[in-house]
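Below: the structure, in structure tokens.
Because only heavy atoms are used, hydrogens play no part in the values below, and waters and symmetry mates are left out as well, while side chains stay in. No experiment lies behind these values; they were computed from the predicted model shown.
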Amino acid sequence: AYLAVLMCQPLAAVATSRVVARRPWRVGWNKRYARGFLKFGWPLLLNGVLLFWVMQGDRVLLGAYVDMAVLGLFFVAANLGTLPSLTIASFGGVLFLAPLSACRDDVEKFRKQATLVLQGYCAIAVLVATPFVLFGQIVPLLYGEKFLPAQAFVGWLAIAGALRLIRAGTTLIALSRGDSQTSMFATIARLTGLALAFVALWQGYGIMLVIYAAVVGEVVALAVATWRLKKVHRLRLREICGPMALALLLMVGPALVVVNFGYWPQQTLAALGAAAGVWGVIALALYRLLPGMRYELHQTVNMLRRPRK
């Protein structure tokens, strides 16, 4: 029944578009169009298959090598830490694809727009990940004390999700110029994290190395996507790597402090206040260090304050 529903949904969408379209269409065949669709679509098809293994592979490995209790803790931390980044990434294409595509043929304008988009993705990724990094107590607060061990996982999984969000920005920039291969190559590179996770479990190491492997895999995938932006789309590395390096520093730095000194203070309200204070400092640092975002924020504020005629 579920499979039937999945098949009926796109069929209903096609039928509806046929009924309500202002310029009715009909099914036909054009060899040139078909070749273009295939050239653009096959990397996305392969990327979708690989992405399934990237998203589910660590769970499969953990299910084979650890007990179900540890796997349950990982599920809770993974869902909590990565859900905000995945949700935001799903809306990124709607907001940024059209402005990027509009200036795809103007090299300088496209560079400025792409840099601004990447700065936005990096800022949002940091602001989404750092609360989980700094406030691991959110896990027992939401799920109960029996899930307390999962607070050690949620911060690093949130960092992995944030890096995936930044990578979504790079692949969006590539897609705006008709490049569907960048996302495929980045996803292939992401499989390195899965390979490291398999080796770690095979050698008897614990779940934390699997999570670290996921972060390493995301860094490698982001590096490949960034290299493609420079090689294929002629973006300047100093303009796109700066925000990425800053974002990585602002996420990994607090995470390493937590690893060495633990969450402090342990009281929930005090910890929430401390995390909010550090989060505010990080937000201020992003505001000062990302000039493109700062300019756009000023423009938006001035537009909102301008009296309506």
Can you tell me how far apart [atom1] ([X]) and [atom2] ([Y]) are? Round to the nearest 0.5 Å.
{"X": "R167", "Y": "M244", "atom1": "CZ", "atom2": "CE", "answer": "11.5 Å"}
{"X": "D105", "Y": "R177", "atom1": "CG", "atom2": "CZ", "answer": "7.0 Å"}
{"X": "R228", "Y": "T182", "atom1": "CZ", "atom2": "OG1", "answer": "4.0 Å"}
{"X": "I207", "Y": "L71", "atom1": "CD1", "atom2": "CG", "answer": "7.5 Å"}
{"X": "I188", "Y": "S183", "atom1": "CD1", "atom2": "OG", "answer": "9.5 Å"}
{"X": "I173", "Y": "L118", "atom1": "CD1", "atom2": "CG", "answer": "3.5 Å"}

Between [X] and [Y], is there shared hydrophobic-cluster membership here, with clusters defined by ILVMFWY side-chain heavy atoms closer than 4.5 Å?
{"X": "F75", "Y": "M208", "value": "yes"}
{"X": "L62", "Y": "F52", "value": "no"}
{"X": "L248", "Y": "L237", "value": "yes"}
{"X": "Y143", "Y": "V154", "value": "yes"}
{"X": "V70", "Y": "W202", "value": "yes"}

- Note on the structure: Contacts of R236 meeting salt bridge (Lys or Arg N to Asp or Glu O under 4.0 Å) (sequence neighbours excluded), chain-then-number -> E108, E239

- Share the residues that join V216 in a hydrophobic cluster, the rule being Ile, Leu, Val, Met, Phe, Trp or Tyr side chains under 4.5 Å apart at the heavy-atom level. L196, V220

- Query: Which ILVMFWY residues are connected to L51, directly or by a chain of links, through side-chain heavy atoms under 4.5 Å apart?
  - Reply: M55, L86

- Task: Could you tell me whether R59 sits above the aromatic face of F74, with NZ or CZ closer than 6.0 angstrom to the six-membered ring centre and within 45 degrees of the axis?
- Result: no

Testing the basics here: between [X] and [Y], what is the closest heavy-atom pair and its distance to 0.1 Å?
{"X": "A160", "Y": "E218", "answer": "O-CG, 3.6 Å"}
{"X": "S85", "Y": "V128", "answer": "OG-CG1, 3.8 Å"}
{"X": "A150", "Y": "V139", "answer": "CB-CG1, 3.8 Å"}
{"X": "P254", "Y": "L249", "answer": "CD-O, 3.9 Å"}
{"X": "L73", "Y": "F153", "answer": "CB-CE1, 3.9 Å"}
{"X": "I166", "Y": "A247", "answer": "CD1-CB, 4.0 Å"}

Check the angle between the aromatic planes of [X] and [Y] and answer parallel, tilted or perpendicular using the 30° and 60° thresholds.
{"X": "Y33", "Y": "F37", "result": "tilted"}
{"X": "Y65", "Y": "F198", "result": "perpendicular"}
{"X": "Y212", "Y": "W156", "result": "perpendicular"}

Can you find a pair of side-chain heavy atoms, one from [X] and one from [Y], that are under 4.5 Å apart?
{"X": "F96", "Y": "Y121", "result": "yes"}
{"X": "L165", "Y": "I88", "result": "yes"}
{"X": "C241", "Y": "T226", "result": "yes"}
{"X": "L175", "Y": "F40", "result": "yes"}

- Message: With a sphere of 6.0 Å drawn around CD of Q9, does it hold more than 12 non-hydrogen atoms of other residues, nucleotides or ligands?
- Response: no

- Going through the distances and angles, do L235 and F110 end up as a side-chain contact (heavy atoms from CB on, under 4.5 Å)? CA-CA 9 Å; L235 296 185; F110 181 79; 4.2 Å; yes

- Task: Take L61 and V210 through the test side-chain contact (heavy atoms from CB on, under 4.5 Å) and record every step on the way to the result.
- Result: CA-CA 9 Å; L61 290 175; V210 175; over 6 Å; no

- Query: Step by step, would you call V219 with L163 a side-chain contact (heavy atoms from CB on, under 4.5 Å)?
  - Reply: CA-CA 7 Å; V219 171; L163 291 172; 3.7 Å; yes

